[in-house]
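Whatever order the structure lists them in is the order used to number ligands and atoms, beginning at 1. What you see is a predicted model; the values in this text were computed from it and never measured.
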Amino acid sequence: MKILLVGSGGREHALALGLQADPACTELHCAPGNPGTAQIATNHSLDITNNEAVLSLAKSLSVDLVVVGPEVPLVNGVADVLRAAGIATFGPSKAAAQLEGSKDFAKGVMRDAGVPTARSFTCQTQPEIEHALDSFGSPYVVKDDGLAAGKGVVVTDDRQVALEHAISCKRVVIEEFLNGPEISLFGISDGRNVLPMEPAQDFKRAYDFDKGPNTGGMGAYSPLPWAPDDIVDETFEKVLAPMIAEMAARGTPFVGLLYAGLALTDHGIRVIEFNARFGDPETQVLIPRLKTPLATLLYKAATDSLDDAVLEWRDDSAVTVVLAAPGYPDAPEVNGAITNIPKIAGTKIFHAGTSQSGENLLSTGGRVITVTGIGSDLTQARDLAYRAISQIELSGSFYRSDIALNASVAEKGN
Ligand code: AMP
Ligand code: GLY
C-alpha cells in the first residue's frame, strides 16, 4: 500500500513512524513532512491548504490512502476532494470536521446525541454575552466559535477579560466551568464503527505546575494509572458511539479520528471539546504503545471496514516532553541551531518545528522537538524522556519538568 501523509508536525512524525512500521505500507510519502519524516519517508513540498494541490500530489504518486494530520485542511474540505476522486482518505469531510471547526455546531450535535457536556450559550451580541457570563458566574469560560489555533479559549475569574475576549469573537460560546482532571480519549471511526484508543493526558499550560499561557500542548503520557478502570468503556458508550451514530444519522458520517477532550467531574464525564484529528502531543505517546498495525487500521477506517478490527496495546508506559522555542507560545523565535540530539535506547525523537539547512538543523516553530520515553512504567518512561531532552541544545529553549510527575508518584503508591 502506498500512503501519503499530510502535515509536518510532531504528530505527523509519530504517525509516519507507525505507518512505516506496518509491513502493509510499501511506500510512505509525507507532505510537506519535516527532517524527521525525511529519515523514514519521502518528503514532498506542498501547500496543504490548497485542496487541488493535495489531490494532484496524491494522484501523481498513485497512493492507495491519504492520511490527513492537521485540522485546517480537513475543515477546508480536502477529504471531500480526495474522496470525490476515488482516493481512500483517513480524515473527516468538511461537514463532519465542523465538530472541530465550530464549537456551536459541536454543542448542537452533542445535544441531539445526548452526550454530556458543559451547559452553554452561543452569543453574537453584547447583551447576550453579558447575560451568559452572569448566568454562569466566575470562573468564566469563553470560546471563540471558530478555529483559533489553540488561542480561542479564555478561562478567567476576571469578568472584564472574559467580556473583552467574547466581544472580540464574531460568534462565541460561553459555558459553565467544569471542575476535574482532563483527559484526551480518541476514537478511530469508519463512519459506523468506532474503536476507542487508550486515554492520554496532555499538559496545555506553558510552564511547570500549570502556570503560564495556554499552548498547543507541552507534553503527554499514557496510560493513566489514576483514571477509573471503566473510563474507556464509559467514553465509548456515552460519547464516542453516540457522536458517530448522530453524525451518520445526519448524513455526514465522521470518518477519521474523533478526539474527545474530557473533564472527569464529580458528576461524571463531560466533553470539553472535540477535535477532528489526532492530538499533538498525545499521538507521540499513543502510537509507540499501539501494537495494531497502523496503516492497515487507518485504511480499514477509510474504506468503511472496521467491523472486525480490534486495537491492541503494549503493556508499557510512554511520556513525551516538548522542547519549545524561546518566546513560545506568544512570539516564538525561529532559526535557532539545534544540536546534540541524542540516541538513547527506549527514547524516540519526533521533529515538530525543524528544518534542514545543509548540515544544520534549525528551529521553525514554537514546538520544536518532542521526546518520548518508553518504559515499563511511567517513572522509567519519564526518566528516559528527560535524560534525552536535557541533552538537546537550542539557545533559549525550554521544557516543562513536571510532565507525568504526579501520575508517576501515584503509580509508585499503588
Ligand atoms: P480547548 O481549546 O477547548 O481545548 O480549551 C483549552 C483549555 O481550556 C482546556 O484544555 C481546558 O483546560 C480549558 N477549558 C475549556 N473549557 C472548559 C470548561 N468548560 N471548564 C473548565 N475549563 C475549560
Ligand atoms: N493536544 C491538544 C490538541 O492536539 O489539540
Side-chain angles (χ1 to χ4, degrees), residues 7 9-12 14-15 69-72 74-75 97 99-107 110 116-122 132-133 136-157 161-162 165-166 169 172-186 197 199-206 210-222 256-267 269-287 320-322 324 329 350 352 366-367 370 400 403:
R11 162 186 54 214
E12 283 75 27
L15 289 171
E71 65 275 18
V72 170
L74 292 167
V75 170
L99 285 179
E100 176 163 2
S102 164
K103 308 248 182 223
D104 176 57
F105 174 81
K107 286 286 182 190
M110 283 189 265
T117 184
R119 288 177 299 130
S120 69
F121 292 103
T122 300
L133 291 175
F136 295 128
S138 160
Y140 303 101
V141 182
V142 180
K143 302 185 167 185
D144 194 329
D145 179 57
L147 282 189
K151 297 206 171 83
V153 178
V154 166
V155 180
T156 176
D157 288 325
V161 172
H165 179 59
C169 305
V172 66
V173 172
I174 294 176
E175 67 179 32
E176 89 187 289
F177 180 81
L178 298 173
N179 212 350
E182 280 177 46
I183 69 168
S184 307
L185 210 151
F186 305 161
M197 298 184 80
Q201 191 170 44
D202 175 23
F203 291 73
K204 289 228 166 86
R205 299 287 186 142
D210 294 333
K211 301 276 186 281
N214 253 321
T215 71
M218 294 295 291
Y221 67 94
S222 174
L257 192 290
L258 182 60
Y259 171 132
L262 305 168
L264 310 188
T265 76
D266 291 343
H267 308 287
I269 57 172
R270 298 281 183 276
V271 173
I272 289 192
E273 63 162 345
F274 285 113
N275 293 319
R277 39 121 191 126
F278 281 94
D280 190 343
E282 292 95 324
T283 303
Q284 290 90 311
V285 290
L286 291 172
I287 295 301
T320 202
V321 184
V322 172
F350 296 114
R367 295 191 289 178
T370 318
R400 278 183 64 157
I403 305 299

Peer 1: Would you mind listing which atoms of ligand 1 come within a distance below 4.0 Å of any non-hydrogen atom of Glu182?
Peer 2: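 The list of qualifying atoms is 9 (C), 10 (O), 11 (C), 12 (O).
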Peer 1: Only heavy atoms of Lys103, strictly under 4.0 Å: list the atoms of ligand 1 that pass.
Peer 2: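 Here the atoms of ligand 1 in question are 3 (O).
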Peer 1: Under 4.5 Å between any side-chain heavy atoms of Leu178 and Ile272, yes or no?
Peer 2: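 They are in side-chain contact.
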Peer 1: Indicate yes or no: at least one non-hydrogen side-chain atom of Arg205 is less than 4.5 angstrom from one of Met218.
Peer 2: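 Contact flag for Arg205/Met218 side chains = no.
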Peer 1: Can you list the atoms of ligand 1 that are under 4.0 Å from a heavy atom of Lys143?
Peer 2: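 It comes down to these atoms of ligand 1: 3 (O), 15 (C), 16 (N).
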Peer 1: With a cut-off of 4.0 Å, which atoms of ligand 1 are near a heavy atom of Glu175?
Peer 2: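 Near Glu175, meaning under 4.0 Å from one of its heavy atoms, ligand 1 has 16 (N), 17 (C), 18 (C), 19 (N).
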Peer 1: Is the distance between the ring centroids of Tyr140 and Phe177 less than 6.0 Å?
Peer 2: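 Here the rings of Phe177 and Tyr140 have centres that are no less than 6.0 Å from each other.
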Peer 1: Please report whether ligand 1 has a polar contact with Val155, defined as an N or O pair separated by less than 3.5 Å (distance criterion only).
Peer 2: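 No - when backbone and side-chain N and O of Val155 are compared with those of ligand 1, no distance drops under 3.5 Å.
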Peer 1: Under 3.5 Å, is there a donor-acceptor pair between the side chain of Glu12 and the main chain of Gly9?
Peer 2: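 Present.
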Peer 1: Using the test ring-ring contact (aromatic ring centres under 6.0 Å, His included), find all partners of Tyr259 that sit at least two apart in sequence or belong to another chain.
Peer 2: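 Here the qualifying residues are Phe186.
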Peer 1: Between Val153 and ligand 1, which part of the residue brings a heavy atom under 4.0 Å of the ligand: side chain, backbone, both or neither?
Peer 2: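 The side chain, only.
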Peer 1: By number and element, which atoms of ligand 1 are closer than 4.0 Å to a non-hydrogen atom of Phe177?
Peer 2: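 With Phe177 as reference, the close atoms of ligand 1 come out as 20 (N), 21 (C).
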Peer 1: Can you check whether Val172 reaches Asp144 side chain to side chain, under 4.5 Å on heavy atoms?
Peer 2: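 Contact flag for Val172/Asp144 side chains = no.
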Peer 1: I need the atoms of ligand 1 closer than 4.0 Å to a non-hydrogen atom of Ile272, numbered in the order shown.
Peer 2: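 Going through ligand 1 atom by atom, the ones under 4.0 Å from Ile272 are 15 (C), 16 (N).
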Peer 1: Under a 4.0 angstrom heavy-atom cut-off, which atoms of ligand 1 come close to Leu178?
Peer 2: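 So the atoms of ligand 1 that pass are 18 (C), 19 (N), 20 (N), 21 (C).
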Peer 1: Would you check if the side chain of Asp145 reaches a backbone N or O of Ser102 as a donor-acceptor pair within less than 3.5 Å?
Peer 2: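 Pair absent, no side-chain N/O of Asp145 close to backbone of Ser102.
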Peer 1: Between Asp104 and Lys143, is there a side-chain N and carboxylate O pair less than 4.0 Å apart?
Peer 2: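 Between Lys143 and Asp104 there is no salt bridge, as every charged N stays at least 4.0 Å from the carboxylate O atoms.
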Peer 1: Which atoms of ligand 1 are found less than 4.0 Å from any heavy atom of Glu273?
Peer 2: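 Heavy-atom distances to Glu273 below 4.0 Å select 1 (P), 2 (O), 3 (O), 4 (O).
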Peer 1: Answer side chain, backbone, both or neither: which part of Glu176 comes under 4.0 Å from ligand 1, heavy atoms only.
Peer 2: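 The answer is the backbone of Glu176.
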Peer 1: Under a 4.0 Å threshold between the charged nitrogen and the carboxylate oxygen, would Glu273 count as salt-bridged to Lys204?
Peer 2: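 Glu273 and Lys204: salt-bridged.
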Peer 1: Anything with a heavy atom under 4.0 Å from ligand 2 counts, so go ahead and list those protein residues by chain and number.
Peer 2: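 Protein residues near ligand 2 are Asp202, Lys204, Gly216, Tyr259, Asn275, Arg277, Gly279, Asp280, Pro281, Glu282.
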Peer 1: Quick one: does His165's side chain have a donor or acceptor within less than 3.5 Å of a partner on Gly152's backbone?
Peer 2: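 Yes, the answer is positive, given that a donor and an acceptor are paired below the 3.5 Å cut-off.
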Peer 1: Under a 4.5 Å cut-off applied to non-hydrogen side-chain atoms, are Glu176 and Val141 in contact?
Peer 2: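 They are not in side-chain contact.
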